[in-house]
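Here is the structure we will look at.
Below, each value reflects all heavy atoms present in this structure, side chains not excepted, and no hydrogens, waters or symmetry copies. The model shown is predicted, which means the values in this text are computed figures rather than measured ones. Order of appearance sets the numbers: ligands from 1, and atoms from 1 within every ligand.
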Amino acid sequence: MSIAKKEYKRVTTKSLVDMKSNGEKISMLTAYDYTMAKIVDSSGIDVILVGDSASNVMAGHETTLPITLDQMIYHASSVIRAVDRALVVVDLPFGTYQSDPKEALRSAIRIMKESGGHAVKVEGGKEIKDSIKRILNAGIPVMGHLGLTPQSIYKFGTYTVRAKEDKEASQLIEDAKMLEKIGCFAIVLEKIPAALAQRVAQSVNIPIIGIGAGNGVDGQVLVLHDMIGMTHEFNPRFLRRYMNLYEDMSKAISQYVTDVKKMDFPSDSEQY
Ligand code: KIV
């Protein structure tokens with residue numbers, strides 16, 4: 001299949017909307033540090049998400065809830081220093097935007113000022129509408145996130161597919177339309193039926209980026225450490241692993257340990 005691809009020197013929120021209109025799919029991956037972000041950006045990714053999945057991937061927490069605003073700013077500023085082309089979107093962590101719109105705006109301003117990120121992402125629909133409007137009114141671009149929203153995991157109780165029932169599916173469509181209407185530039189849809197995700201993508205003009213939401217949407221996002229196989233215990237159906245870095249790194253590190261023990265490393269040519 002031929003791929004429609006216009007060259008974007010720098011990806012902006014407007015470029016993403018253009019990509020949707022031109023039928024070009026949007027590629028998005030997470031990154032949380034300088035070195036990884038440098039590789040991801042120079043490989044041509046459109047959007048880098050400094051996701052609150054850093055809470056799991058970088059800090060080893062069971063959920064995304066514990067990560068703090070200061071920690072997100074640290075990760076985001078490391079990523080920003082590496083990036084020349086991609087749009088960098090930063091998750092507002094749990095507890096920094098749900099209680100009241102003023103606090104939401106203060107949190108978003110801290111992300112933008114202290115990390116240099118280009119946009120923020122928030123999880124939820126009508127229940128956080130006022131907070132999103134307040135952030136947007138300050139000129140900060142907002143990406144929505146509907147479907148499985150991991151910050152609400154204790155409400156859902158499980159990480160299974162969301163919006164299988166009509167009532168939840170209708171609410172999700174309504175929320176997506178509302179997010180577009182108030183000015184969000186894109187929406188992530190996580191772990192919902194592919195047919196519903198396609199319906200949402202066709203109902204709005206802003207890009208819909210899916211994770212476990214099928215192929216009928218405007219772009220795809222994965223957690224970097226999952227797609228390069230650095231993690232190996234998490235195996236949802238939607239995940240395609242492009243490498244098995246866990247195995248490759250384990251082999252390399254075991255070899256290093258052996259070489260050090262045997263005094264094979266460093267060799268004559270590896271010393272001064
Ligand atoms: O935090 C994250 O990595 C995310 C993606 C799963 C979309 O929100």
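- In terms of polar-atom proximity, Thr30 is not counted as a contact of ligand 1, lacking any N or O under 3.5 Å from an N or O of the ligand.
- Residue Ser53 has at least one N or O atom closer than 3.5 Å to an N or O atom of ligand 1.
- At a threshold of 4.0 Å, the pair Asp46-Arg85 counts as salt-bridged, since one of the basic side-chain nitrogens sits closer than that to a carboxylate oxygen.
- The distance from ligand 1 to the heavy atoms of His145 drops below 4.0 Å at these ligand atoms: 8 (O).
- At a 3.5 angstrom cut-off on N or O pairs, Tyr32 does not count as close to ligand 1.
- Under the 30°/60° scheme for interplanar angles, the aromatic rings of His75 and Tyr32 are found to stand perpendicular.
- For OH of Tyr74, the number of neighbouring non-hydrogen atoms (other residues, nucleotides, ligands) closer than 6.0 Å is 12 at most.
- Remark: ligand 1 atoms within the under-4.0 Å shell around heavy atoms of Ile211 are 6 (C).
- The line from NZ of Lys191 to NZ of Lys164 is 9.5 Å long, rounded to the nearest 0.5 Å.
- Leu49 CD2, 3.7 Å is the protein heavy atom nearest to atom 5 (C) of ligand 1.
- Atoms CG and CE, on Asp218 and Met19 in that order, are 11.5 Å from each other to the nearest 0.5 Å.
- For the atom pair CG of Asp91 and CE of Met72, the computed distance is 5.0 Å after rounding to the nearest 0.5 Å.
- If you look at Thr64 next to ligand 1, there are no close heavy atoms at all, none under 4.0 Å.
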side-chain hydrogen bond (donor to acceptor under 3.5 Å, both in side chains) evaluation trace for Asp52 with Gln151: CA-CA 9 Å; Asp52 59 359; Gln151 292 179 11; 2.6 Å; yes
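- A heavy-atom separation below 4.0 Å is not found between Glu123 and ligand 1.
- Among protein heavy atoms, atom 8 (O) of ligand 1 sits closest to Lys121 NZ, 2.9 Å.
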